[in-house]
Structure formats: structure tokens, C-alpha cells
Student: 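Have a look at the structure that comes next, please.
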Amino acid sequence: MNVPASDKDLPSIGDYYSATQLRADRWSALRECVESLRLSGMEGRSAQRLIKTAESLFQSLAPIESYWAFPGHAAFEHLRRLLEMRNIDDLSISVRRVARALTSGAYRRRHIPLGADEIDSEDYEDESAISPEARALGRPYFEVMIVDSVNEHQERFLRNALHRARRPEDPFHYEPVVVPSVEDALIGILFNHNVQAVVVRPGLVLKSHNELPLLKKYLVTLGTEGEVDHLSPSEYGPEACRLIAKLRPELDAYLVTDRSAEEIAGLDLGRCRRVFYNQEDFMELHLNILRGVGARFKTPFFTALKEYSRQPTGVFHAMPISRGKSITRSHWIQDMGAFYGPNIFLAETSATSGGLDSLLEPRGPIKEAQVMAARAFGSKQTFFATNGTSTCNKIVVQALCKPGDIVLVDRDCHKSHHYGMVLSGAHVVYMDSYPLHQYSMYGAVPVREIKHHLLKLKAAGKLDKVRMVLLTNCTFDGIVYNVQRVMEECLAIKKDLIFLWDEAWFAFARFNPTYRQRTAMDVANTLRETLRTPEAIAAWERQEKELEGADEETILNTRLVPPPDARVRAYATQSTHKTLTSLRQGSMIHVNDQDFKGEVEQAFHEAYMTHTSTSPNYQIIASLDVGRRQVELEGFEFTQRQVESAMAIRRAAASHPLLQKYFKVITAGDMIPEEYRESGVSTYYEPHQGWTDISTSWTTDDFVLDPTRVTLAVGGTGWDGDTFKTKILMDKYGIQINKTSRNTVLFMTNIGTTRSSVAYLIEVLVEIAKELDELLDDASKMERRSFENRVSALVEHVPPLPDFSHFHPAFRYGDETPEGDIRAAFFLAYDEEKCDYLPLDDTLQKRLEDGEELVSTSFIIPYPPGFPILVPGQVISPEILSFMRALDVSEIHGFRADLGLRVFTKEALKGFSCSNP
Ligand SMILES: Cc1ncc(COP(=O)(O)O)c(C=O)c1O
């Protein structure tokens, strides 16, 4: 047993990224400490030390436990008294039960007896052995935070009153946890993920007495500290409701008040579900609490599908697998039935009636599920897609852009956007992201670059044609934009600009307050609220005057303010399946566009029809519905845990001496140039300084790094990223990852990442480092030199990333601005006569260096980096060719090594102009 000999041996609070981890570790330390105490028979000096350690553990747990219903204040104090009375036998039993119930979650399912004379079933049965079916049948558990400054007697009254309201038919059960103040309520909802509803009562006070910095940090982190200081007591309740909605909008808040209905009606109460004027109507409150959680728990389509699968239907439609008939009657494919089990086949159907619905024209449960998803993700409309964000992107681009519209696109965006441009006939301005040559990856597009292109187009009289800005947020490597800044500044130049934010990797971001402020839907809602406030109008008028007659440089250097009549038009596409619970290909399109109904709806419908199968997969739709339920009830908890896991990787890799020898976790400072980090924050964890508070950087900086994506530089091992991924991580240790660069690998944590999988990863990295140490110890001089050469080739001699060159004049409309007609080039290449193939050799390199203009007919997409380094109509620069030649990757889409690079013939280009094809 690994018992800390004294409280000095406990990890300090500063070692913890979150109070949740601290809580779990303190309880298991307490369990081990009390058990050792029991075994010691309370004899000797070590017993004295153990008692001190136990006391200090109780002390550090006390402020934490006040926010949780289990074990609860009374039980906690009882345990403390057992220690005071030195009743170690009973204490040991009780502490063991608490710690075990916290780990297994048993307290969510049943009463945990803490008295030594009571019997706990877990003493005999393993909770973790409960089957998933049995768990599914149990009533879900949650906690209700009651905010009221009450004495012990009043608290007991409140609890009993709510307990008495319980009925056997209640679909859920909950326990109340009472906190006294607005600040405690905010700390509580950010710390206790079990909270699903908050009841704000008139007796609440303002300040928390809790001094634990790890908890107080929550107030600072979210910028709410100080927001409440100026309030009068009668405002505490409404303000608490408003702040709760800001931090965790999915929660239900109930305000119990003695202020008049008229007074309350004019206030911003966030998403308060009900205001109660009668403090003691507990049954009404109880029913509302259950109904509120029930509204999030509801899964209209999943439920409809389950019900459908139970109906005895005769199948006379085209789908032999429906109800498993083609399998159960088979002599050869029975194993498929055995593997998947019967339900999936019972739920397979091509019917759209019988309680089901059509994705193409939803009116029933699919429609309802989409409306609920819109609520959860903060959009005005949400559309499900059953073939990934690749399709969502094409739908949105086609719906919004027609031939001739100009779109500003980040050139390293996903290939679906480039194909979308071909489909829509939009003219594309490719914007360069800042490069990270050292790691062979791109960052993101600086706002200055976007403004520069908009201003150029404006100067050329083409601003009216500019339709959309399309950016990837966050990027594969985890660079996150300052969405609000980008939208505000662009709207200041063109007030009806549409934004498509590719959030393929960012669906989870909605459910963490720090992340949420950098999502398209949240910013769109903020802009709707703020654009037309008197302060915003005044700021815009002031800036208009200041910038009268200003030159481009001044405008580029100014943080632009959007005009009050700007339109809020934001779209986000999300691969739900990548970061949340959904079957593969389950994705969503979220719309927050003031002009959607008036201008886009019909075109959107057509685009949706273009790309959506008439046989969409019902299981995917059901999983999207369930995925939405999950995030509305536990998205906060899961994303919080995900961040914690990622931080654990960062901390271990930054502090383990052996790991530092061969690996480096790439920090925000490495991935984001200083000029884009106003906060100055460059790392999340420093061995000497501990954790950095990331809240300032997430509010101010142009770019931030999503900590849940951990890029590890592996050049120091002598293996390139791809070899490290396949030969070492995958083949040897069964660790799967999917993104590499020349000298890095990317570890993505997700909402399913556990503390043990993190521990395994660290173990594996340490083992690899040890093996390398041993190998180099025994290596000959030649072998050593060969290793060093490999490392230096990977770390120092990295081929520079090429910028986008330009479209050939045949595909441009004048040379003032850079937009190109990618669609014209794409279809010109259908004529084989107009194309030629050139090998990637020195002769070709020389021809380009001598100034010859060769033009790509195709998309050339090497993996990695995974985005087109050439698009149809693009002039091949010597830098692009050098990069291609230096790439040592086996997978390059659009390139045939046996033939060479496909280019347009001179003749094809001579006679061609996109303005007159
Ligand atoms: C930025 C980005 N957008 C879109 C996609 C496509 O998503 P899906 O796999 O859901 O089609 C990807 C896939 O990796 C991506 O990285």
C-alpha cells in the first residue's frame, strides 16, 4: 500500500489541474491512510503521523465536499468525529465505502450505508460487474443545487421537503446540495458535474467563504469575479440565474423570489425555466425539476426507432436485412447476426412511417431531434447529416455560393471545401495560414491576412461579390481562432459577410465555458445581443470618425468595430462522430443566420437534397439524437475530464527527465507566434511554475492551442512521424493515432479518454525512451553517427512549406485580385488531350526555376499534411515542386508516381479564358 508517511508527502494542491482530480486522490489517500492506521493498532510514532495525515486530508476535503451531495455534509462531519474519537475500525469501514462508491458511482444507484453495523452490498458484490442492461434500467441520478443561506435546521427542512415530494413513478432521482452564496453556486456548477438544476432562493448571500484557491480559480477563470460585487441583495437571485446560464446554459435554473412579478419580468434571468413566488410549494418545484431534466433526456428519434423495432411488421419493402430476415435464414452469414445482436436489424428499415420520419423532409421525430440539437448547440436551425462533415461542407458551400461569388478560404482547409468550390463555381481566394516550418505543419490564417484580402477586393470594386469567409476552427493540430474578433473585423469591412466555420473537430467545445466563447454559434449569439447596444453603436460611430480617409495600413492595424446594421450570418459544420458520441459519419450543420429564412432556405434545401442519400442510415441519426442527450446532461463533465486527461499527458511529458531526452510536447508558444499571443501565455504546464491559468489567453489571444490535442515532437528518436505512428505505436504497443507530420505525432484525447489510458501512453513513451537509451549505449560509433544524422535530418533539415502560388491567368478575372475559377480548371482537365504528365525530376525543377509556367490540372493532396498543395488551375511554383520532391510520404492523392505530375498543355491554356470559356 502506498501510504503517504505524512501530509508533507501528499502531492501539493498546485500539482492538480482540477479540483475533481484532487478530490478523487484525497479520498483514496484517506482510505489508505485510515487502513494503515487500523493495521498499526494505533501503536507507535507512525500511528501519530498517520493521524496527522488523516486530519490534514479531512481538512483539505472539507471545502470540497460542501459542493457535493454524496457523502454530504452530515456524513462527512460524522467521519471526522470518528477520527477525533479514534474509532478507527468504524472509520476505516465508512471511508472505504465512500471512496469505493465515489469510484464506482454506486451512490448514484443506491443508498450507501456508512455505519459499520449496516451491511453494504458492495462489500460482497462488485459494482462494476453490473451489466449495462441492468444499469440502463436504473433511474438516472443527478444533484440539485439549492442556493440559500440557511442554518442546519432550515437545511434539514429543505431536504426533507424535497424528499417528501418523491414519488415511485419519478423517472429520475436526485439529491439536493445546499450552498449559501452566488459565488458558491458558480463554483458549485463548475465543480460538481452532477448538478442538473439550480434552485435560487431569496435568502442567498453574495460571497463565498471558501478560500481554496483551486475552487476560487473557477471564478477567475470565467471572468465572473467582480461581476457581482456592485449588486444589492434583491438582485442576487436574478443575477445568479443570469450567470448560471452564461457558464452552463444547459442547466435548468429556478428562481424562488419574493419580488413582485412585474419587477422580475423586466430582468435578464438567463435561461431560468420558472419563477416561483411561493417558497414552500415543493411538489411543484419537484415536478418542474424532473420535467426540466426530462426535456433534455428525451430522444425523439431514438425512442421512435426503439418502438418501431418492437412492432411486429411484415416486411414488403426493399431491405432484406430489415428485421434480420436475410441473416437468420442464411447458412453462411449467421456470424454477422451473432456479432451485432438482433436489435440493430430490428431497427433497420427503409420505412419512413410507423412512427419514424424522413431525413429529407422531416416532420416527426427527426425534426424534433434536430430542434433539440439546435437548443443544445446554440443554433437557430440544426440539420443532421449521415455522411460526415465532408458532405456538410459541400451542402453549405453549395447552398450559399453561386458561380461568380467570391469566397475567402484558408488554403489548408479540408478537401471537401475545395470540392465544394468546384461544385458551386465560386471564385476562390486562397489565404495562407502562418507556417510552422520546423514541424512541417500550418497554423491558421491571421486576421490581418483576411482583412488584407477583403480590402484589396474592396479597392478593386469587387466587395459586393464577396460572399463568404471559410475557416477551420479548430485545426487538426488544435489551433483555435478568436472567432469573435475575426467576425467583428470582417463585418466592419463587409457587413453582410457569411462565415462558414468548419468545426469538424470542435463539437465538444460548446460544453465547456472556456471553449464555448470560441465557437461559431456562441459568437453569433453574442453578436446578436451586442451589435446594437448603445455602447456598441457609440464605439462604431467613434471609429468611423477616426478612420475617415485612413490608409490600408492603418485599417489593418486597427481592431475594427462592426456597424450596428451588420448581419449575423454564421454556419458551423461539426463531425459529431469525431469528438462526441455518434456512429461514424454522424455530423451536424448548425445555422445562426439572420437571413436564412429570407434568403437561403430554399437553396439550402436543394443543396441538402443534392448530397443526402434517399436511404440515410437510421442508426446514425439515432446516435446523433442520443449524442445530443448526452452532451446536454453530461457534456460538461466529459469535456472537463478530457481536458484533465490531456493536461496529465502534458504534465508528465514536460516533467519526466527521460521523456525530455527524445520527445517534446509542442506548446502553445511553439505553435503560435508571439505576435498572436497577447496574454503572453506560452505553456499550459511548466515544471517550475506549475499550471498556467488559460482563461486570459482564451479571451484575448488571436489564436490559442486546444490543450486536448497533444502534439509530440518525435524527431529526437530518429523516426519520422509516420514510422513512429505505424511501426512503434501501432505495431508494438497497439496505440492508435491518425495524424502525423514529418517529425511529430498528434495524440488526441476525447471524451472517452480515461486516466488509465493516459497512464499507459506515458508508460509506453518511457519504455521507448529507455530502449533508445539502451540501444545508444551499446551502439558502435558508426551506428551513433547514423542515428544523429537521422535526427538532424528530421529536426533541422525540414523542407520549407510552400505558400499558395497563384491561379493561372486563364482562370482569373483580371490580375488585380487573386481569386480563381477552380471549377473552370477542374472541368477543362476532363479533356485528356489538354493534359500532359511530367516526372518530378531535376529537369522539371529547372524548367520552373527558369520561369516556365506549368499549371496543375488536379488536386494534389499528400498525407500528411492532408490538404491540397496544388489545386486545379494553380501555377506550380519551384517551392511547391521542391516540397513535393522532399516529401517522403507514400500516400499522395491525385498524383500517379508512374506517370508524374498532371499539367495543362500550353495549347490548352493558350486558347482558354474562364471569362469566355
Ligand atoms: C477540418 C475537417 N473538416 C472536415 C472533415 C471531414 O469530416 P468527416 O470525416 O466527418 O467527413 C475533416 C476530416 O478529417 C476535417 O479534418
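Side chains are part of it too, since the values below use all heavy atoms of this structure and drop only hydrogens, waters and symmetry mates. Remember, it's 1-based here, ligands and their atoms both numbered in the order they're listed. Residue numbers count from 1 along this sequence.
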Student: Give a yes or no on whether Tyr340 atom OH has more than 12 heavy-atom contacts from other residues, nucleotides or ligands under 6.0 Å away.
Tutor: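 Counting other residues, nucleotides and ligands, OH of Tyr340 stays at 12 neighbours or fewer.
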Student: Which residue supplies the protein heavy atom nearest to atom 8 (P) of ligand 1, what is that atom called, and how far is it?
Tutor: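 Here the nearest protein heavy atom works out to Thr389 N, 3.4 Å.
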Student: Side chain or backbone of Ser587 under 4.0 Å from ligand 1, or both, or neither, by non-hydrogen atoms?
Tutor: side chain
Student: Report the nearest protein non-hydrogen atom to atom 13 (C) of ligand 1: residue, atom name, distance rounded to 0.1 Å.
Tutor: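 So the nearest neighbour among protein heavy atoms is Lys578 NZ, 3.1 Å.
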Student: Looking at ligand 1, does His577 have a heavy atom less than 4.0 Å from it?
Tutor: yes
Student: Any atom of ligand 1 sitting under 4.0 Å from a heavy atom of His417?
Tutor: no
Student: Taking only non-hydrogen atoms of Thr475, do any sit less than 4.0 angstrom from ligand 1?
Tutor: no
Student: How far is atom 16 (O) of ligand 1 from the closest protein heavy atom, and which atom is that?
Tutor: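 Looking at atom 16 (O) of ligand 1, the protein heavy atom closest to it is Trp505 NE1, 2.8 Å.
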Student: Let me confirm one number: the CD1-CZ distance from Ile498 to Arg569, rounded to the nearest 0.5 Å.
Tutor: 3.5 Å
Student: Please step through ring-ring contact (aromatic ring centres under 6.0 Å, His included) for the pair Phe499 and Tyr571, ending with a clear verdict.
Tutor: CA-CA 6 Å; Phe499 297 86; Tyr571 291 75; over 10 Å; no
Student: If I compare all heavy atoms of Asp502 with all of Thr573, which pair ends up nearest, and what's the gap?
Tutor: CA-OG1, 3.6 Å
Student: Please check if the side chain of Ser741 supplies one atom and the backbone of Thr744 the other of a donor-acceptor pair under 3.5 Å.
Tutor: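 Side chain of Ser741 to backbone of Thr744, a donor-acceptor pair under 3.5 Å: yes, one is there.
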Student: What are the atoms of ligand 1, with element, lying closer than 4.0 Å to any heavy atom of Asn393?
Tutor: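 The atoms of ligand 1 under 4.0 Å from a heavy atom of Asn393 are 4 (C).
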Student: Among Asp496, Asp593, Asp595, find the residue that satisfies the side chain to side chain donor-acceptor pair (under 3.5 Å) test when tested with Arg567.
Tutor: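 Checked Asp496, Asp593, Asp595 against Arg567; only one passes side chain to side chain donor-acceptor pair (under 3.5 Å): Asp595.
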Student: Could you tell me, atom by atom, which parts of ligand 1 come under 4.0 Å of a heavy atom of Gly388?
Tutor: 10 (O), 11 (O)
Student: What atoms in ligand 1 come closer than 4.0 Å to a heavy atom of Ser390?
Tutor: 6 (C), 7 (O), 8 (P), 11 (O)
Student: Can you tell me which residue and heavy atom of the protein come closest to atom 15 (C) of ligand 1, and the distance to 0.1 Å?
Tutor: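 The closest one turns out to be His414 CD2, 3.5 Å.
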Student: By number and element, which atoms of ligand 1 are closer than 4.0 Å to a non-hydrogen atom of Thr472?
Tutor: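 In order of numbering, the contacting atoms are 1 (C).
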Student: Tell me the nearest of Asn473, Thr573, Asp502 to atom 1 (C) of ligand 1, using heavy-atom distances.
Tutor: Asp502
Student: Report yes or no: is the cationic atom of Arg823 (NZ for Lys, CZ for Arg) closer than 6.0 Å to the six-membered ring centre of Phe826, at no more than 45° off its axis?
Tutor: no
Student: Does either side chain, that of Thr382 or that of Ser379, offer a donor lying less than 3.5 Å from an acceptor on the other one?
Tutor: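 Distance-only check passes for Thr382 and Ser379.
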Student: Which heavy-atom pair separates Met421 from Ile822 by the least distance, and what is that distance?
Tutor: CB-CG2, 3.8 Å
Student: Looking only at N/O atoms, are Ser575 and ligand 1 under 3.5 Å apart anywhere?
Tutor: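 In this structure, Ser575 places an N or O atom under 3.5 Å from an N or O of ligand 1.
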